[in-house]
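Please read the structure below before turning to the comments.
Convention: sequence-line order gives letters A, B, ...; per-chain numbering from 1. Just so we're clear, the structure is a prediction, and the values are computed from it rather than from any experiment.
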Amino acid sequence: MNARLDLDADHTVRLDLDVDRTARLGLAKRTVMPSVLRRRPGRQSDIPLREALRVRSGGAVARRGGPVDSTVRLGLDVDRTARLGLAKWAVRPLAPPRPPGPQSALHQTLSAYGHGPEVVRRTRQADNSRRSRLNPSMPILGILLILTATLRLINLTGSPARLDDEGTYMAQAYAMVKWGELAHYTYWYDHPPAGWLQLALWTAISGPDFGGNAIAAGRYLMVIVAVITAALLWALARRIEMSRWAAAAAVAVFALSPVAISLGRTVYLDNLATAWVLGALVLLCSPRYRLSAMFGAATCFGIAVLTKETMLLLLPMFAWLVWTRTAPVTRRYALAVFVAVFGVVVGTYVLMAVLRGELVPGPGHVSLWDGIRFQLWERTADGTLDDPYSLKRHTVDEWLQLDPALPFLAVPIALAALFVKRLRPFAVGLVILIATILRPGHLPVPFILSTLPLTALLAAGTGEVTVRYLFRTVEQRSVALRRLRIPVLAAGVLMVSIAVSLWLPTYHGLMESDIDASMRQAFKWIEQNVPKTDRLIVDDAFWADLVRDGRDRRNVVWAYKVDTDEQVQGWAPHGWTDYEWVVSTPSLRSNMPPTGILADAVAHSQPAATFLSGGKRVDVLRVDNGAPTSKPPSPAAPAFGGQLAARLAAATDPDVLAVLQSPTVDQRVITTLAVIAATEPVRLEDISTIKGEEDTATPRREITLSGPRDRLQGVAAFFERQVGAFAVQSVDLTAKGLRVRFPLRTKDIGLGTTPAPLQGGPAALRVADLRRSRSAEQLNFLRIDGTAAGSLETSADADPSGYRSMPAGTYVMVTNRAGGGDPVIRQVITLHPGMSYTLALFSAAESSQVVTQLAPDVPPTGSGPDSAVRLLHAASATGSVYLALVAPGMVEPMVLANQVGYGLITGYATLPPGQYEAVVSANGREWRQPVEFLAGEPTSLLLTDGPDGPVVRTLRDVPVAPAALDPSTLTMPASAGAVDKAKAPAVERSDGRRIALVLCVAAIVGAAVLMARARPREPR
Amino acid sequence: MKRQLGTASAIALVLVLMVGAGWWIAKAIDPRHDATDIAGMREETARITGRGFLDKYAEPDGRVVRRDEGGDVVSEGQAYGMLIAVAVGDETRFRSIWKWTRTHLRRADGLLAWRWADDTVTDVNSAADADLDAARSLVLAGRRFNAPDLAKDGRRLGVAILQTETVAVGTGVANASDVDPPGAWVAGSGRILVGGNWATTPPYVVNPGYFSPRAERELFEASADRRWTDITRTQRVLGWQLVGKGMLPPDWATVSEAGHVVPSRPVSGGAPIRFGLDAARLPVRFAESCDREDRALAGAMRPILTAPGQVPAYRNLNGSAASDWQHPVALVAAAATEQGAGNPDGAAQRLDAAAQVEQRSPSYYGAAWVALGRIMLTTSLLGDCQLAG
């Protein structure tokens, strides 16, 4: 005898038995499917087969007495529970009998129930068959889940651009992990913290660098959550008696909808909450009616509400389901359990507020009540949908921009589902959510996320019901119904086609566009160019990454908190002037208050770098707060570039020459190129702009030089040696040449204004080496066009050199070792025609550094009958001094300096010529020295350290027959080793493509294996 | 069996039709606009504006008449008409304008006499901007209308411009020791487009509003003559000398042999040195350039030209207002600086404002530059940079 058990679409079980007549008649007396019922214990499980079994047509039983038919066809009308069990046995030919052996437990059980050996054998065969077969749902579900993951992983970090909200949640998660705090600023009960607690757990598991940045790390979790949501959606669909293909359709809609992809991979709490809601629904719809399921459902729903409080809107749906999905006898008990467990879970939030003493408002602290009041009543309404400029309309347009089909279809789908009994509670849930969208009030962008699984479920469910209705069994079909089948099918295909056609254009943006590029580039620019001690106002999307980059959390301030958080305002007591930078993103601009610290900071700032254009651009704004480095650096005046370009014209690309003659080149570039042009014949290849600085006032600060490698190495060593204003940010010697970049922050070094006119004769210059420890050095002077003007050697003592005659003009002053090595650019000086100057060299705080000061040796009032006198303070050991001049008959001494330190050159003071006494006071002691001033001659008092205290010497500031400079001694250093000073690691965009590829391969292989296993085998 | 097959085929056909219909309906009802849609809309607006100019100012015989300036015909207007006609793809109108121009204005040296009135040429001198724009439009028309004759005419006109309306300047050409301040010159060897055939002796008279990097690039592509790129580069250097930091270029200037440029009064005399309706074309022409360096020059004028308040027709070189009335071309110049600074949306808004001013006070020059501004700044109707490059 052989048998075959099939489950029809209308849930009728068809049992084909190849038995003899006697056996047929005997079978009718047996009870139903003991093996199934044993696995499905319940109230209705002991219905005898003879009661549930009725013969429909064509079977041998119906034709008793007729010719013996080898097949019996029995229609079984069984209860739902049995049907579900039977479904697992459907469409499976029974396996051949196993060889005799020890009796299984099943065999023993069946025998104990009094079943014959034939039934036992068949049952055993079916049991074996089940073990060797795979649930046909698995391949379908597997493919759908991999599809869900793949679509979300592709271009994960490229689209959408990282958002302020995402950054906030990740920053709060960071604060939990890093500092054990509930938020990165004062937690004010805006949302319950369970959402970012889950994110914190994820970041603790995944590590801080997963995905390349904080938001990318969060997005990977969202992909996992989306897969879980899809699996739960499948389970829910199956548990509410939707067919396998209808469940697949529901999951497919969820997997493929562009709005679900885009918002689903965004770090929104709603994604997490929706997964918890679906988990609760799956447990609630459990066919086993176990109390543990009810317990679990209440817990899941409670966590969902604690993750995102808007899930509370689904409470009516849950109440209905709890009422309808429980047995009448246990209904009250189940409801009580659900309410109690849900209350306990949600109550932890209130308990937390109580324990923190923040339940109700009070002085000096936030409160849960304030948070609730803000969310429910005080939050600014977003306007109405019919107002095209309202925020609510903008939000809905944002959804429709991603998916113009599903949000529109949600309304008819929800209404249609209300007419299907088993879908009705879910339809009510969706209707509530839609009503919330339509009502006046605040509408957050991620609100749609909770509607998507319900919409997908109801779309598939109502579609299935419609198809079932149209394709009912033959005897139930009417002619009118048959005529309707094709039009309705065509209409369905048309709708699906429209929806998919509307989705297709969005996929390109989701899978290909790098919308986040501007954010990523801006972050990289900040990382490379903004000093870590500077204080920035940022979009929260950057917060966690900037803090992780080593910045003090008080120096990275979320824009929203600048005007709203008293703690933050305490960090910046001087308002907007306490900030150096604002990173202006679309989100920051759209939420910027019209007045306040943030508005002021933006109003007083200029872009230092801009990424992208239009509304999506990201500006890094430098706040002009009065600090010397807060103003944008001035480019070199084109005339200086013109001088250098004329010198380089023979060997330089004309386009590069044109750039040199534009006011877009950094002054340091011109200065260093002048030195290189004077010493080393390398070619200037390019003066390039740095990404983001093209359309801003930031001058070009990167050059590329080419030439023989050994020369380039020497030039590289020269650049690396530069200090102070001429220090470089990076020197990169590659096969393409030597690329040098100067740091962003700089000051005017003397090339910002147009060169002085040349008429008026030569100038005179002397050098006073007033450093603490003097090593013999040479000073070389170069014109901006790269011609060497000459040199001077510093003297061994503090006495200045004699005046030297030089043509008026602008010079680069370079110090180098005697003999010409190790040149270091010290200053750019401009000598005006007919003027004389003293160039003083002082030691900086660090003894190895030199500070130069160029002081004109002419009093501002010009030479007159009086004498003019000033002080050069070079007595480093003496410290702060008081210096006054006293003459007989003077009522009050003339104070030339009061508490001034080493390294100061005062301005000239006029006084009558004659004999004076210089009184120097320092460290509680006083020294007196006679000095004499001549009429019409400016004089400097040089204060130096002597063996018994400070010594005052007089210097006549009048050049007498100045000599010319010595010949230039400047040379470039010898070749240095390979230079790669600041090669920042390339920041690759982690877009999940690799993971997607691996998943795709895994999907194909997995699907193939699963399909192979699921394919019915021929009975042996 | 046959019947079943037929039914199945019919059902399949219906389903395929439904899928196709769904795709078509989706395309029709899709409310979203992407960058391509917006570019298409801007292009359509430019076409409409261009056709409006031609309908209003171009006669059927090919004259572009300055109706609000005495009804005369100038080579500049003919060149504008040709540029707009080729941009909107109106070959008939293009040919008629060029035919009239060739017949009535072409000089023996191939350049165009600048003014015609009362059935005769009233000034036989050339205006370099008109010659350059006409040559550009001819080369473009030759490519767009597949008309080698027009391309050939364009190349010929280009050769005539190079021979008669350009001069070499720079430190490689002349001694620069007398340039003060030193460095305010053109380093090496450069070349500039002078005002016309009448301005070829030093100091050379130039109109910065004639500088057109895009036209020069087009002619370089057509002729492979490197002098065109030299001209563009040199003019950029001169432009920076004039604009410097916080200044505006003048309507007219003189250039020394070493390449030192100084603002000057108009050649016709009378008017003061100022940023007027002539100089307003400089930012537009530089903003449409394919070269970022040129666009940066246009963008450098943005802080002045887009400063809050009404946009005056004339400005002093420091940016202060020199008139209390508005002209569309000044607004088009402001739009160009937005474009040059990388803000195309801002440019589009200012072009709309220019169009409104033009509607209130229509004029030949305003209408021409509203149309040309839209065409040059917001569309690729005069070719895109990929093709040109």
Side-chain angles (χ1 to χ4, degrees), chain A residues 397 400-401 404-405 486 489-506 509 610 613-615 617 634-635 637-650 652 654-655 657-664 689 694-695 752 754-759 784-785 809, chain B residues 7 10-11 14-27 29-34 170-172 176 179-190 229-230 232-234 236-237 239-241 243-245 259-260 291-293 295-297 299-300 303 340-346:
Chain A
D397 285 345
L400 297 176
Q401 191 71 21
I486 297 299
L489 189 64
V493 171
L494 182 70
M495 292 296 289
V496 172
S497 172
I498 291 172
V500 172
S501 301
L502 287 169
W503 286 354
L504 287 176
T506 317
T610 294
S613 63
R617 74 185 186 282
S634 302
F640 287 116
Q643 292 179 30
L644 185 61
R647 162 93 174 187
L648 301 174
T652 307
D655 285 330
L657 291 181
V659 171
L660 265 179
Q661 295 172 84
S662 69
T664 62
T689 51
E694 299 94 337
D695 295 323
T754 306
L758 297 177
Q759 293 84 359
I784 293 299
D785 65 3
Chain B
T7 309
I11 291 171
V14 167
L15 294 183
V16 169
L17 284 174
M18 286 302 108
V19 169
W23 181 83
W24 184 83
I25 292 169
K27 292 289 281 182
I29 64 170
D30 193 342
R32 295 168 293 183
H33 296 299
D34 59 12
T171 56
V179 173
D180 198 8
W185 53 52
V186 174
S189 298
T229 53
D230 290 344
T232 303
R233 190 186 314 113
T234 310
R236 195 188 313 137
V237 173
W240 280 121
Q241 280 189 37
V243 171
K245 284 194 287 186
H260 179 54
D291 192 332
R292 177 181 281 276
E293 304 293 341
R295 297 199 298 272
L297 178 61
N343 182 16
D345 293 339

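- Per-residue counts of heavy-atom pairs under 4.5 Å with chain A were compared for B:Gly340, B:Gly188, B:Ala341; the largest is that of B:Ala341.
- B:Arg292 touches chain A through its side chain: at least one heavy atom from C-beta onward sits under 4.5 Å away, while N, CA, C and O do not.
- B:Val19 touches chain A through backbone and side chain together, each having a heavy atom under 4.5 Å away.
- Both the backbone and the side chain of B:Asp30 come within contact range of chain A, each with at least one heavy atom under 4.5 Å from a heavy atom of that chain.
- Side-chain atoms of B:Glu293 do not come within 3.5 Å of backbone N or O of A:Val659 as any donor-acceptor pair.
- Rounded to the nearest 0.5 angstrom, A:Asp655 CG and B:Asp291 CG are separated by 7.0 Å.
- Listed here is the closest heavy atom pair of A:Gly642 and B:Ala187: O-CB, 4.2 Å.
- Applying the side chain to side chain donor-acceptor pair (under 3.5 Å) criterion to A:Ser662, with sequence neighbours excluded, gives A:Thr664.
- For A:Ala649, the part sitting under 4.5 Å from any heavy atom of chain B is the side chain, from C-beta outward, and nothing else.
- Between chain A and the residues B:Arg236, B:Met18, B:Lys27, the largest count of heavy-atom pairs under 4.5 Å involves B:Met18.
- Within the 3.5 Å criterion, the main-chain N or O of A:Pro663 finds no donor-acceptor partner in the side chain of B:Trp240.
- The side chain to side chain contact (heavy atoms under 4.5 Å, CB included) check on B:Ala26 picks up A:Ile498, A:Ser501, A:Leu502, with sequence neighbours excluded.
- Counting all heavy atoms, side chain and backbone alike, B:Gly342 lies closest to A:Ser613 at O-CB, 2.9 Å.
- Here the straight-line distance linking atom CD of B:Gln241 with atom CD of A:Gln661 works out to 7.5 Å at 0.5 Å rounding.
- In this structure, A:Arg647 and B:Thr171 have side chains that are not in contact, with every pair of non-hydrogen atoms separated by 4.5 Å or more.
- Heavy atoms only, all atoms of each residue included: B:His33 and A:Gln401 are closest at O-NE2, 4.0 Å.
- For B:Arg233 against A:Ala658, the heavy-atom pair with the smallest separation is CG-CB, 3.4 Å.
- The contact between B:Ile11 and chain A is made entirely by side chain atoms (from C-beta outward), counting heavy-atom distances below 4.5 Å.
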